[in-house]
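Have a look at the structure below before the remarks.
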Amino acid sequence: MALLKVENLRTTIRTRNGLSRPVDGVSFEVEAGQTLAIVGESGCGKSMTALSLLQLVPEPAGRIQSGHVWFEGRDLLGLTWEEMRPLRGRDMAMIFQEPMTSLNPTLTVGQQIIESMTVHRTARGKEAHRRALESLERVGVRATAMKQYPHELSGGMRQRVMIAMALVNRPKFLIADEPTTALDVTVQAQILSLISELQKETGMAVLLITHDLGVVSEVADKVAVMYAGQIVESASARELFAKPLHPYTQALLASLPSRSRRGRDLATLEGRVPEATAWPAACRFEQRCLHRFAACALHAPKEAPPEASHPARCHLYDPQFNTTKVAAQPLVTRPSRIGTNTDGDSGSAAQTGQQGSRALVEVRGLTKDFPVRGSILTRAQYQRAVDDVNFSIPRGRTLALVGESGSGKSTVGLMILDLLDPTGGEILLDGRPVSARRGPDRFALRRQMQIVFQDPYASLNARMTVREMLHEALGVHSIGTKGEDRENRAGALLEDVGLSRSALDRYPHQFSGGQRQRIAIARALSVNPKFIVLDEPTSALDVSVQSQILNLLRRLQQEHDLTYLFITHNLGVVDYFADEVAVMQRGKIVEYGEANTLFDAPQQDYTRNLLSAVPTVVQ
Amino acid sequence: MLDWLSNLFPVLVVVVGFWSVRRALRQPLWAEAWRRLKANRLALIALSVIGVYALVGFCDSIAWRNDKNANSLSLIDRAFSRPAEPTYSAPLANKTFGEPTPRALQGRHLLGTDGTGQDVVYLTLKGCRTALIIGGFTLLIATPLALLLGMLAGYFGKRVDDAVQYTYTVLDSIPNILLLIAMLLVLGRGLPQLCVALGITSWVGLCRLARGETLKHREREYVRAARALGISHGRILMHHILPNLLPIIVISVTLGFSGLVLSEAILSYLQLGVAAGTGSWGNMIDASRLELARDPVIWWNLAAASAALFILVLAFNLFGDALRDAIDPRLNS
Ligand SMILES: Nc1ncnc2c1ncn2[C@@H]1O[C@H](COP(=O)(O)OP(=O)(O)O)[C@@H](O)[C@H]1O
Ligand code: SF4
Ligand SMILES: [Mg+2]
């Protein structure tokens, strides 16, 4: 018997725009010792499904309407809050995406872990203290962290603490909601392998929620693909990646960047998940589906019978509708694994050899020291965040700067843009040093170099309309004449990045993440730069949106002859996009070269670790 | 001539006030906040109460004189133009109070009269203007000062920050009441002096807040993106950071208002507040100090002033809290 069996779960939330149905008839099973992954874009209802299992839906607007959650033979939905309490955090634990918001900032790490034992009376006093220490050690956090506050730890450490806290009571069932999305590859790999190790030791079941298909293929036994409040396809992980049935699953897999797709546009999934207040009545994926046919807009596809081994909720697999069976075969080529010998962009090797004279951007001996917090009495100490970094980027090419978080990548980007003063070294743009320029000359430099940041929520001013932003950028550099001319330019910029002119009057919060990133790109383009620093431009986005943005960046590079410095920790993106790669570790560049060569034959252990840590879709 | 000018001012205040609110409501943040506020009955009641006080204060500010030698009389003065009674009288009584041979009054008074025979309702209404001026003008002095210094300190850091922090740490280390007493002894008693003194003691909190918030926003990527575009520091501060600070400033100013009204009452009670002749709740409370000791007790004077004060403070606090919830619903949780 399955440890957890969910039947026809429905959750609704009252909102201003009507009744929202984020979980709309979801069924699945998880066996002890097994990992089930739920994948899908944001807005599909993954997190709400997880919260519903623990009856943690937002009060009072949220309500679990119907369904059963059988856990060890008991229906959890029949239990009261009080009856549920001992289960939560003891038998069933949950870890969230953002560990900062889920840890209490006013209590030390030790206090919080011990508290999670004392409330469930699983241990107290000395025993609790010992077990807290043990669990921290188990997740690789040093014992001194017991007395530290959450904000004093790095993101990776906080996520480990969350896991230690979730696991200290040895739960039978762990729900992990995007546990590694906020972390970079190496930490991500450590956290994932930690979870699977603990799973092997204790035989707990794991429900993993993620939008990262690489992660899924690495750790999941079974996969359920969720779209618009429903599970549209489920199968064993092997089966799903080898033979994706549902057009949605196929589109997600096809949009993954990889080397074999280099130089070509990635398949994109246009449009976005419909609003949960208005799921389409027929097939919910119909508007975005490449295989839709007449019946799709009329009838909702039936849920496959529970005994099916690889059910897909789509008319293509329903003999009643589909006679031609076009999609019985996978419709897309699947990404290949990093490191296989596919022919990439062969032109770039020649390019690398003749840098120097043709380099648009050149960095020599760049160094940055940050003062480290010290007491008044001790002398100021410095931490070297960037240490003697050298590279050059030929005009029209892309250099990827990769490495774990904290390795100094963003700091390099900020110094190149003159947003942060270097401690030492030189930055040349078009052969002329950046820092030597003063006054108007330095101001003119701003036009030539721009930056696009990771988080499109933070990089747009929430209190300005898109029109105000673009007009401001044009105005500062006196581009065009005030009024109609600038208005036309602003409209053209938006169209260039794939938005309509009607976006001009709106504020950032009225756009989705991908649209905001387009606005940020339009703003950077407004001053006609030659060089753009892209600091993790797709890391905060769903894979479907990521492929759209990558396609856009590639097109803009060709049309405007742009040079990119692409900062990222996503090596799949690098393999698809970059001409050259520089690998950074603790402020130093440890490996630097042409992308294909470097990925095929990494010379440094660090690079090899980085590569092996990337979860990839294996077949 | 002078009448005309002094009447223009309150009208101007009202017009500018309405204009800013209307402009703000066109922005989605404030429109959304207003939509949530409207759904909150308590907030609407608090807002109406504040509106009534403001209306009284406004009427008391529109004044003119009938002939050259007379005092300028406001609308409120004119509405209560009956001659004064001889002395105390109880609410709605028709005879004077506490005299061996009570005299007949010229009329009945809802809340009675005070020792000089003035109608207590009238005195209480006169206090509105003083309270609003104290709150309003002090904030008009303190807010720009606090914002300017706080934002400069937060944005530029280093020396500027050191200087600003040093200034407010020193100011903060002197107990406010001592500082106020010292300043009022130097400046003398009076409404403008009081506003200046309170302004100087009350900017520190807001300055701290503005500094901290600016520090936070300075590191945000939208500010970096603006700098990468070559936008000047001044423009970044005014057009990018300030609008993002506004919600929190508005909340703290609203909540700060009631504190200032209370300070005025306390200072007037300590006979450091506005001049004795100016109608103020603090002065009324001060005057009623001795009356409470009389037998039978004269309570209406004190009760009216305290109630007026209490209701205004409560209304501002309730409204401030509701505004906070309306602007940022996340702060609730
Ligand atoms: N403003 C700052 N003050 C002090 N240390 C900083 C600052 N910015 C970055 N650092 C430090 O510099 C190092 C590199 O950071 P960053 O460039 O953001 O790395 P990455 O982009 O690779 O994630 C980190 O150790 C970080 O703590
Ligand atoms: S039912 Fe039709 S529209 Fe829906 S996913 Fe299948 S083919 Fe596409
Ligand atoms: Mg970074």
Side-chain angles (χ1 to χ4, degrees), chain A residues 16 58-59 101 410 413-414 416-420 440 442-465 468-470 472-479 505-510 516 519-521 523-527 529 531-533 535-536 540, chain B residues 23-36 38-39 155-158 161-162 165-166 169 213-214 216-250 326-333:
Chain A
R16 205 156 34 99
E59 297 276 349
T101 49
S410 303
L414 293 176
I416 295 181
L417 279 177
D418 199 17
L419 294 175
L420 196 64
R442 196 166 188 173
F443 177 70
L445 188 77
R446 298 289 195 199
R447 271 188 75 162
Q448 308 191 23
M449 310 197 294
Q450 282 303 307
I451 186 161
V452 174
F453 293 99
Q454 166 174 359
D455 184 357
Y457 292 80
S459 64
L460 300 179
N461 186 343
R463 306 269 169 269
M464 281 172 112
T465 61
E468 285 166 351
M469 285 179 216
L470 294 179
E472 179 179 52
L474 293 169
V476 175
H477 291 281
S478 319
I479 299 172
D505 282 314
R506 293 198 266 154
Y507 286 87
H509 74 263
Q510 293 167 297
R516 287 186 212 210
I519 294 167
I521 293 171
R523 181 180 57 189
L525 283 180
S526 64
V527 295
F531 171 64
I532 301 185
V533 173
D535 191 351
E536 308 263 12
Chain B
R23 249 193 76 140
L25 286 184
R26 260 187 262 142
Q27 296 202 347
L29 170 89
W30 298 104
E32 178 79 352
W34 173 235
R35 196 188 54 70
R36 284 199 211 100
K38 270 198 302 196
Y155 187 76
F156 290 107
K158 297 187 187 147
D161 194 20
D162 289 346
Q165 282 205 65
Y166 179 79
T169 314
E213 287 292 303
T214 309
K216 223 165 68 189
H217 280 275
R218 183 184 70 174
E219 299 299 329
R220 293 265 165 94
E221 289 170 345
Y222 75 90
V223 171
R224 287 205 162 130
R227 283 180 55 203
L229 281 168
I231 294 165
S232 66
H233 292 312
R235 201 183 150 85
I236 289 181
L237 277 170
M238 292 305 294
H239 287 256
H240 290 259
I241 296 184
L242 183 61
N244 279 288
L245 298 194
L246 267 187
I248 195 153
I249 293 168
V250 168
I327 288 176
D328 193 351
R330 278 164 305 164
L331 292 178
N332 283 344
S333 53

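Naming: A, B, ... by sequence-line order, numbering from 1 per chain.
Considering only heavy atoms from C-beta on, A/V476 stays 4.5 Å or farther from B/L229 through its side chain. Residues A/I451 and B/R224 form no side-chain contact, since every pair of their non-hydrogen atoms from C-beta on lies 4.5 Å or further apart. When side chains are defined from C-beta on, A/R463 does not count as touching B/H239, because their heavy atoms never get closer than 4.5 Å. Side-chain contact between A/Y507 and B/Q27 is present, with heavy atoms from C-beta onward closer than 4.5 Å. Proximity of A/E472 to B/H240: side-chain heavy atoms (C-beta onward) are separated by under 4.5 Å at one or more points.
Here A/L460 is the residue among A/V533, A/L460, A/T465 with the most heavy-atom pairs under 4.5 Å with chain B. Among A/H477, A/E468, A/Q450, the residue with the largest count of heavy-atom pairs under 4.5 Å with chain B is A/Q450. Ranked by heavy-atom pairs under 4.5 Å with chain B, the first of A/D418, A/L414, A/V527 is A/L414.
Heavy atoms closer than 4.5 Å to chain B are found in both the backbone and the side chain of A/R523. Both the backbone and the side chain of A/L419 come within contact range of chain B, with heavy atoms under 4.5 Å apart. Contact of A/M449 with chain B is made through the backbone alone, with heavy-atom distances under 4.5 Å.
Here the straight-line distance linking atom CG of A/N461 with atom CD of B/E221 works out to 13.0 Å at 0.5 Å rounding.
Nearest heavy atom pair, residue B/A225 against residue A/S459, reads CB-O, 4.3 Å.
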